[in-house]
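Here the structure is a predicted model, which is why all the values come from computation and not from measurement. Throughout, a chain's letter reflects where its sequence line sits, starting with A, and its residues are numbered from 1.
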Number of protein chains: 4
Amino acid sequence: MSAIKELRVGVVGAGMMGADHVARITHRITGATVSAIIEPDEQRAAAAIQASRGAQSFSRIEDALDAGAVDAVLIAVPGQFHEPVLLTTLEADLPILCEKPLTEDPESSWRILEAEQKRQHPLIQVGFMRRFDAEYRQLRELVADGTAGRLLLLRCVHRNPAVPDSYTQEMLITDSAVHELDIAPWLADAAITSIEVRRGRRNSLSPAHLNEPLLVLIELDDGVLVDVEMNVSVQFGYQVATEAVFEAGLARIGQPAGLQLWQDGRFQIAEQQSFRTRFQQAFDTEIQAWVDAARQATIAGPSAWDGYKVAVACATGVRALSTTGAVTLDLPDKPAFYAGV
Amino acid sequence: MSAIKELRVGVVGAGMMGADHVARITHRITGATVSAIIEPDEQRAAAAIQASRGAQSFSRIEDALDAGAVDAVLIAVPGQFHEPVLLTTLEADLPILCEKPLTEDPESSWRILEAEQKRQHPLIQVGFMRRFDAEYRQLRELVADGTAGRLLLLRCVHRNPAVPDSYTQEMLITDSAVHELDIAPWLADAAITSIEVRRGRRNSLSPAHLNEPLLVLIELDDGVLVDVEMNVSVQFGYQVATEAVFEAGLARIGQPAGLQLWQDGRFQIAEQQSFRTRFQQAFDTEIQAWVDAARQATIAGPSAWDGYKVAVACATGVRALSTTGAVTLDLPDKPAFYAGV
Amino acid sequence: MSAIKELRVGVVGAGMMGADHVARITHRITGATVSAIIEPDEQRAAAAIQASRGAQSFSRIEDALDAGAVDAVLIAVPGQFHEPVLLTTLEADLPILCEKPLTEDPESSWRILEAEQKRQHPLIQVGFMRRFDAEYRQLRELVADGTAGRLLLLRCVHRNPAVPDSYTQEMLITDSAVHELDIAPWLADAAITSIEVRRGRRNSLSPAHLNEPLLVLIELDDGVLVDVEMNVSVQFGYQVATEAVFEAGLARIGQPAGLQLWQDGRFQIAEQQSFRTRFQQAFDTEIQAWVDAARQATIAGPSAWDGYKVAVACATGVRALSTTGAVTLDLPDKPAFYAGV
Amino acid sequence: MSAIKELRVGVVGAGMMGADHVARITHRITGATVSAIIEPDEQRAAAAIQASRGAQSFSRIEDALDAGAVDAVLIAVPGQFHEPVLLTTLEADLPILCEKPLTEDPESSWRILEAEQKRQHPLIQVGFMRRFDAEYRQLRELVADGTAGRLLLLRCVHRNPAVPDSYTQEMLITDSAVHELDIAPWLADAAITSIEVRRGRRNSLSPAHLNEPLLVLIELDDGVLVDVEMNVSVQFGYQVATEAVFEAGLARIGQPAGLQLWQDGRFQIAEQQSFRTRFQQAFDTEIQAWVDAARQATIAGPSAWDGYKVAVACATGVRALSTTGAVTLDLPDKPAFYAGV
């Protein structure tokens, strides 16, 4: 297949995430245009159309595909709605960028893998954008090149200023820790073997139904121990950081940076307030990489197999929420279809 | 004039800077294509054509214009060759992004102003990319909003790891300090009234014909004193940083950031090694802003008048190189044509 | 009892720690003199006598006491030799500064408590010097004053560049984590209820008989979860640091400080290389506080009861080394004798 | 002369500085006792006596000397009262620690030198305490060992939160910059040859009669250029910092350190608020060094000759306050008497 000059992208879902992607494709990256908005909510759809340069509006993905309006599909609806959109788009043989999670449980994710394997080659890229963050990439290189010795521990923190009331206890795993369940194995080039969850003193500023912070302990098959502080009501800011402990060194990413201010008796640096600013560069790089790849009908990032592995890890983590001690994670063999990705 | 859908940019000069801009327009920003490379050196021209998506090659700007191959022109040849390209492109009434300096002396810069004023509105944007750097913008806002009190002093450093043998003593002003001659008045929203140059102990690692570091003292018409440490053989890295001293606060930009590493007995952060990494984001933002504006036949950044002011400041700074004490800077009134920019 | 003008201190043990204390008392703190060195090794004894201002040499504590040569005793021999020195000195009713641990097991520590309770008031201060470190004190105040909300988690790291071959697996708990077993409850003003030990990938640079790093998970009776990374072959330096996670804030102590150097392409700060530099100020402050108190026949720091609690915690931690899951810690009631300390 | 066992110090002046020294000698350093307070103000004298361990009160230095009450004298009255105390104490042949300045003008300082040269060896140490600060010492070593190349520039800032109304324009030089006039030549191991003063925009928060901040440009005889930002109404804190620019490196001292706090949307470190906390360690080290030396009837720090040189530099700096351009500094040859100090 020869390269598409300008990729016509159909964006499925025009909520906050979809709207961000429309703005990104329209104003910050090259080689793509938002040609279709697939969104049943009329007000959201109208706003996204307005923000694009001439996209058409559809209420169902099938209509956009039938109209021949898109070369590729970006899925930005909530996870529970992913499966049918994925299956329909796979059927149409188009490249897909699917926001995380691939789907919400291992069974449905496995169905996606089965459907994708009927195509000639992988079409689905999953939106684990941290892999495109410059610091995570540097850290992965440091692990790989061994200049600080072998990796021993990964110590991660995931701190949110606050979460909405709709955020559930399970979402500590499936919506937030999900990123570490992808990135820790990716950094270490290893697979998860077990997950344990420990609980700290409850934060009284959390929504009433939440019992957090948690300490999630993840073991990898090369012996590396990963801990993740899940802490989603910290008030002071959004902080996603990792310390990688090596045999002869230590690396830290995600630390405060930018304008330094002395005022009111102290030295200060503004902390991030949201993943949108913390990871804006990563999102831009991710979507640009996907567009460049999709124009060649390929992918350039985490595959559906990666999405499946994280679905299994999330299910294991959710079990660990109500289990004392470590819960073992079992994974089928990787299908040959995904050998190259 | 209605908006151009995809701006066809002719890049004049395919040296390091031109090649960077070709890569930038082709791979990182949206709404523009490199349609023409104007470069007499065949090897450079071929490399740039290769790096673009289908640009044509021309050896002279006139040929590209005659062929109707471009909607806008980006000038990336050395400063001594700017004037004829600027005049020819103005004649064709096309938007221009001219890398700094506008031209190399106040007289030729004034001729550019005269030619531009024959057009209906300003067409020239000058490539002072620091104005698009996120930290400089934050700092300018802090000056403007007054939350730390009025600005009192600007303390700038411009440190290069090394310079080539072709770098002359005058270039300390015209090639390096030139950026501070633009950005300091922009930050302070004030005009330069005098420049003094003091000399420190000579760095024995500098090329033999250079006598540096320098301390350049710039006075602004609101009393703010600016000092600039010009230090271009520091070996350890590329460092462009500013401290802004306010009545009740202090701000610092350009400090080390990114992955933090403990190894070999110390905590460490890699320092920048070149303006290309230090200001990559600024360059991308600058060119995107210019493309967006040029599609509307306007500019979105420093004007030719800003370029002229810096040309005058450079000439004053060069005189200060061989003068004891401060040299006064005189500027004609701003032409009405530039009222809005 | 009226205050002693100049406290005559007998230092038991003139190894590295004892020698440090002799230098400290002789040159850096006020109100005390080293009047006796109790050390059977003649060479060490001679060096310590030389370093003092006129101390006498004794090979046994009994001889120093019989000679009436001391007003107070500082015990700096290895832990297995503490019990008889403590009992003898208690018998003589003299103030004691006992380097950690009080003794090496809960049973012998309990015997010390019994002996001490026969005196009129507590005489023993235990050498947990972190309580005298300025940053730990600031952190404890922050916990107590509640300005950042209630404490939720304590995240501690204990990293040594290397340990000698004589360092055993148990010493990860009894010699190193022992400090956190004292300081974490002190910071949180709470008691330990259980300890779990998790193991990361083994550091191949550790002595052959060690299996570390460890992650030690300590639960406190107010729900606060404490984790301690025990990592004693990190090569790059000595790092003792804590992050305290609050309901609405986060504090970090033990970070790199001091002269900042840009060289060889990077920004760098020297990391500590040993507890002697990291905690020199804490040791000075601790001994000065003890001297000031001992002159009034009292103590000004962790009591024998604190020493006993840590002995129990160490025994629990050692069991956790070879146990899956958390090991519960049981403690008798605090004797009324220790109500005030 | 054999060593004095416990140095009996007479403290002249029991204002803030004298009271600090009384507390220091009484509680934090060894080998000395405050045996006499020489202070005519009865209330201050009583407070100092109370804070000491049994000092006697005298209203005149002569009385303390006649009573044989002191082995050494620490002068902590304002500079204009130094000369008679110095001359009287020299006459008594006792070691002196004289707070800066030695005296307030070159002529009276020269008289002190003449009087001191009648003794057998130098007796006066001047209280430039920065020389005892650990970071300044590290920086001086870095200059001396040449690992970062030769020193090129020293860039100093002296920022105070505020000054009292009694602080005059001249005191910007004689009370504040005076420290840099001592420390810059000491760091660089060179002598001052000229001083220029430039003025920034006036801080409207300064007392009405002050026109500051200033930029003081000091040239050394090895070509090193030193600039000092004098800025004494910055509100946000007390900041004394230096950047040393080398041929192949850069060092920075005096940066924020200590507990790091994330709260209210930002990362923050408390800035120093006064020289008393910023330099407490330096003061302790200085006085301990002086006590140790004075017990041997010698000095261990800046000599009266150093004090004289700074007096000349201050006089030159004061002239530079009202002069355009650089004012040359002339110094007589160093008397042979001071060869060793």
Side-chain angles (χ1 to χ4, degrees), chain B residues 148-157 159 161-162 188 190 194 196-206 211-215 217-231 233-237 239 241 243 245-252 255-256 271 323-326, chain D residues 148-157 159 161-162 188 190 194 196-206 211-215 217-231 233-237 239 241 243 245-252 255-256 271 323-326:
Chain B
R150 291 187 316 153
L151 180 67
L152 300 178
L153 298 168
L154 284 172
R155 319 215 48 196
C156 310
V157 299
R159 294 169 180 146
S194 77
E196 176 180 3
V197 174
R198 293 289 305 251
R199 208 167 263 110
R201 195 187 210 178
R202 187 181 171 276
N203 189 340
S204 67
L205 305 175
S206 303
N211 189 341
E212 53 101 25
L214 306 179
L215 201 61
L217 299 159
I218 302 167
E219 200 164 15
L220 303 184
D221 62 1
D222 57 1
V224 168
L225 186 62
V226 182
D227 63 11
V228 188
E229 180 189 320
M230 295 305 314
N231 205 346
S233 312
V234 299
Q235 319 297 320
F236 68 81
Q239 191 179 67
E243 255 189 29
V245 184
F246 296 87
E247 291 193 330
L250 176 76
R252 204 182 264 174
Q255 297 306 302
E271 184 49 281
T323 307
T324 299
Chain D
R150 291 187 316 153
L151 181 66
L152 300 178
L153 299 168
L154 283 172
R155 317 213 49 196
C156 310
V157 298
R159 295 171 180 143
S194 77
E196 177 180 2
V197 174
R198 293 288 305 253
R199 209 166 263 111
R201 194 187 212 177
R202 187 179 171 278
N203 189 340
S204 68
L205 305 175
S206 304
N211 188 343
E212 53 101 24
L214 306 179
L215 200 61
L217 298 159
I218 303 167
E219 199 163 16
L220 303 185
D221 61 2
D222 58 0
V224 167
L225 186 63
V226 181
D227 62 12
V228 187
E229 180 190 320
M230 295 305 315
N231 205 347
S233 312
V234 299
Q235 318 298 322
F236 68 81
Q239 191 179 68
E243 254 189 29
V245 184
F246 295 89
E247 290 193 331
L250 176 76
R252 205 182 264 173
Q255 298 305 302
E271 184 50 280
T323 307
T324 298

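- Between chain D and the residues B:G149, B:G200, B:P161, the largest count of heavy-atom pairs under 4.5 Å involves B:G200.
- Only the side chain of B:V157 comes within contact range of chain D, judged by heavy atoms closer than 4.5 Å.
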- Task: Please test D:V245 against B:N231 for side chain to side chain contact (heavy atoms under 4.5 Å, CB included), starting from the C-alpha separation and ending with a verdict.
- Result: CA-CA 9 Å; D:V245 184; B:N231 205 346; 3.0 Å; yes

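- Interatomic distance, D:R252 CZ to B:Q255 CD, rounded to the nearest 0.5 Å: 4.5 Å.
- Contact count against chain D (heavy-atom pairs under 4.5 Å) is highest for B:R150 among B:R150, B:Q235, B:E243.
- Residue contact with chain B, scored on non-hydrogen atoms closer than 4.5 Å, involves the side chain of D:Q239 exclusively.
- Proximity to chain B (any heavy atom under 4.5 Å) is shown, for D:S204, by both the backbone and the side chain.
- Taking the side chain as every heavy atom from C-beta outward, D:L225 and B:L215 approach each other to under 4.5 Å.
- Taken from CG in B:L217 to CD in D:E196, the straight-line distance is 7.0 Å, to the nearest 0.5 Å.
- Remark: B:L152 CG to D:S233 OG distance equals 9.5 Å, nearest 0.5 Å.
- Contact tally against chain B (heavy-atom pairs below 4.5 Å) for D:R199, D:R159, D:E219: the top residue is D:R159.
- Using a 4.0 Å cut-off between charged side-chain N and carboxylate O, D:R155 and B:D227 make a salt bridge.
- Between atom CZ of residue B:R202 and atom CD of residue D:E247 there is a gap of 8.5 Å, rounded to the nearest 0.5 Å.
- Residue D:L220 does not touch chain B at all, counting heavy-atom pairs closer than 4.5 Å.
- Chain D forms more heavy-atom pairs under 4.5 Å with one residue of B:G249, B:A148, B:A326 than with any other, namely B:G249.
- One distance of note links CZ of B:R198 with CG of D:L153; it measures 11.0 Å at 0.5 Å rounding.
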